[in-house]
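Only this structure's heavy atoms are used, side chains among them; waters, hydrogens and symmetry mates stay out.
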Amino acid sequence: MRVGILVFPGSNCDQDLHHACAGAMGWEAAFVWHSQALPKSLDLVLVPGGFSHGDYLRCGALAALAPVMADVRRFAEGGGLVLGVCNGFQILCEAGLLPGVLRVNRGGRFRCMPARLRTETLASPFTNRCTRFLTLPIAHKEGNYFADPGTLERLEENDQVLFRYVDAEGSPTPAGNPNGALNNIAGICNAERNVAGLMPHPERAAEPLLGGADGLGLFRSVAAALGALR
């Protein structure tokens, strides 16, 4: 497995992703600076969390215009797997690779806490090995997923919602929603199912020493999907 991890000015979760990929999964992982070309023969592109370009203008808006993103777009259009986490999710939305936007959290506060999620579909390269329920950390101020009613309807009808925030009983209630996201959406994929984004951090729950290993399900899902493709 060859993985490219994008790095923007202000990224701060690229090292965490590298540890999850190289340390926990044993993959070959390389950092890709935002002004560089995407390396050839990658199996997966990861867009990390953080505060790219200081979150000026809108979260992810400036990073979406970075030179490397043109390569990411071509990689995705060719069927390559792309996963954005937190700020990476925001960047993919701003770049038009995923529908919708991430708005300021309900209440306007930064939320840093464990979030309980429900896996909504196993029919994606990012979830096929995930458990039904998992707990992943969140750390964001703009994680409130928003889309127009037609887009939301298509996401639900096409099984594009990957994860939903839920309460202790496993229901997508307001009490289980940490940021006000519409339909309690925590993560989605594109219609082609090869580009995905989520606000919670799987890389921060990739080994028991970090407090839990639920995040490994996403990385194992990618490995399984690529193994099936090969």
Test side chain to side chain contact (heavy atoms under 4.5 Å, CB included) on M199 and Q90; report intermediate values, then the result. CA-CA 8 Å; M199 288 309 298; Q90 297 163 345; 3.9 Å; yes
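- Between N87 and G50, the shortest heavy-atom distance links the atoms CB-O, 3.3 Å.
- Here salt bridge (charged side-chain N to carboxylate O under 4.0 Å, His left out) pairs that include residues 51-68, with residues two or more places apart or in two chains, are R58-E94.
- Residues F51 and C86 fail the side-chain proximity criterion, which asks for heavy atoms closer than 4.5 Å.
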Atom pairs and distances, donor-acceptor, side-chain atoms in residues 106-113, under 3.5 Å, two or more places apart:
| from | atom 1 | to | atom 2 | distance (Å) |
| --- | --- | --- | --- | --- |
| R106 | NH2 | N177 | O | 2.4 |
| R111 | NH1 | P178 | O | 2.8 |

Step-by-step side chain to side chain contact (heavy atoms under 4.5 Å, CB included) determination, L17 to F219: CA-CA 10 Å; L17 278 171; F219 300 101; 4.2 Å; yes
Does the pair V85 and L198 meet the rule for a side chain to side chain contact (heavy atoms under 4.5 Å, CB included), with working shown? CA-CA 5 Å; V85 178; L198 74 163; 4.1 Å; yes
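- Hydrophobic side-chain contacts under 4.5 Å tie Y56 into a cluster, directly or through other members, with L57, L62.
- Under the 4.5 Å side-chain heavy-atom criterion for Ile, Leu, Val, Met, Phe, Trp and Tyr, F126 and M25 are members of the same hydrophobic cluster.
- For N190 (side chain) and V195 (main-chain N/O), a donor-acceptor pair under 3.5 Å exists by modelled atom type.
- Residues R204 and C13 share a closest heavy-atom pair of NH2-SG, 3.0 Å.
- Of the possible polar contacts, none joining the R154 side chain to the A191 backbone as a donor-acceptor pair under 3.5 Å is found.
- A side chain to side chain contact (heavy atoms under 4.5 Å, CB included) with Y165 is found for one member of N184, T173, N183 and no other, namely N184.
- Taken to the nearest 0.5 Å, the CG atom of L81 stands 9.5 Å off from the OG atom of S124.
- Between I188 and P99 there is a side-chain heavy-atom pair separated by less than 4.5 Å.
- The side chain to side chain contact (heavy atoms under 4.5 Å, CB included) test applied to C130 returns T119, T127, F163, L218, S221, not counting sequence neighbours.
- For L117 against A186, the heavy-atom pair with the smallest separation is CD2-CB, 3.8 Å.
- When atom types are taken as modelled, the side chain of D43 and the backbone of V3 share no donor-acceptor pair closer than 3.5 angstrom.
- For residues 170-197, the pairs satisfying salt bridge (charged side-chain N to carboxylate O under 4.0 Å, His left out) are D159-R193, with sequence neighbours left out.
- Residues V104 and I185 fall into different hydrophobic clusters, defined by Ile, Leu, Val, Met, Phe, Trp and Tyr side chains chained together at heavy-atom separations under 4.5 Å.
- Applying the salt bridge (charged side-chain N to carboxylate O under 4.0 Å, His left out) test to every pair with at least one member in residues 134-152, sequence neighbours left out, gives no pairs at all.
- Taking CG of N128 as the reference point, atom OG1 of T121 lies at 9.5 Å (rounded to 0.5 Å).
- S171 OG to R164 CZ: the interatomic distance, rounded to the nearest 0.5 Å, is 11.5 Å.
- Summarising the geometry of W27 relative to L44, their closest heavy-atom pair is CZ3-CD2, 4.0 Å, with the distance given to 0.1 Å.
- Between Y145 and F89, the angle of the ring planes stays under 30°, which puts this pair in the parallel group of the 30/60° scheme.
- When every heavy atom of P114 is checked against every heavy atom of T135, the shortest pair comes out as CB-CG2, 3.8 Å.
- Hydrophobic clustering (ILVMFWY, side-chain heavy atoms < 4.5 Å, transitive): L6 and M1 are in one cluster.
- Remark: Q36 engages no residue in a side-chain hydrogen bond (donor to acceptor under 3.5 Å, both in side chains) (not counting sequence neighbours).
- Smallest separation of non-hydrogen atoms from C93 and L102: SG-CD2, 3.8 Å.
- Linking ILVMFWY side-chain heavy atoms closer than 4.5 Å, directly or via other members, places L226 and L42 in a single hydrophobic cluster.
- Every residue meeting the salt bridge (charged side-chain N to carboxylate O under 4.0 Å, His left out) condition with R118, not counting sequence neighbours, appears here in chain and number order: E120.
- Put simply, the side chain of L97 does not reach to within 4.5 Å of the side chain of V82, judged on heavy atoms.
- Cluster partners of V166, by chain and number: F133. The rule joins Ile, Leu, Val, Met, Phe, Trp and Tyr whenever side-chain heavy atoms lie under 4.5 Å apart.
- Applying the ring-ring contact (aromatic ring centres under 6.0 Å, His included) rule to H18 yields the partners F31; only residues at least two apart in sequence or on another chain are considered.
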Dump the intermediate steps for side chain to side chain contact (heavy atoms under 4.5 Å, CB included) on H201 and L136, then the final yes or no. CA-CA 6 Å; H201 289 267; L136 299 180; 5.9 Å; no
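- In this structure, the side chain of R2 does not engage the main chain of A30 through any donor-acceptor pair within 3.5 Å.
- Residue L209 shares its hydrophobic cluster (ILVMFWY side chains chained together at separations under 4.5 Å) with no other residue.
- Applying the salt bridge (charged side-chain N to carboxylate O under 4.0 Å, His left out) rule to pairs touching residues 62-71 yields D71-R74, sequence neighbours excluded.
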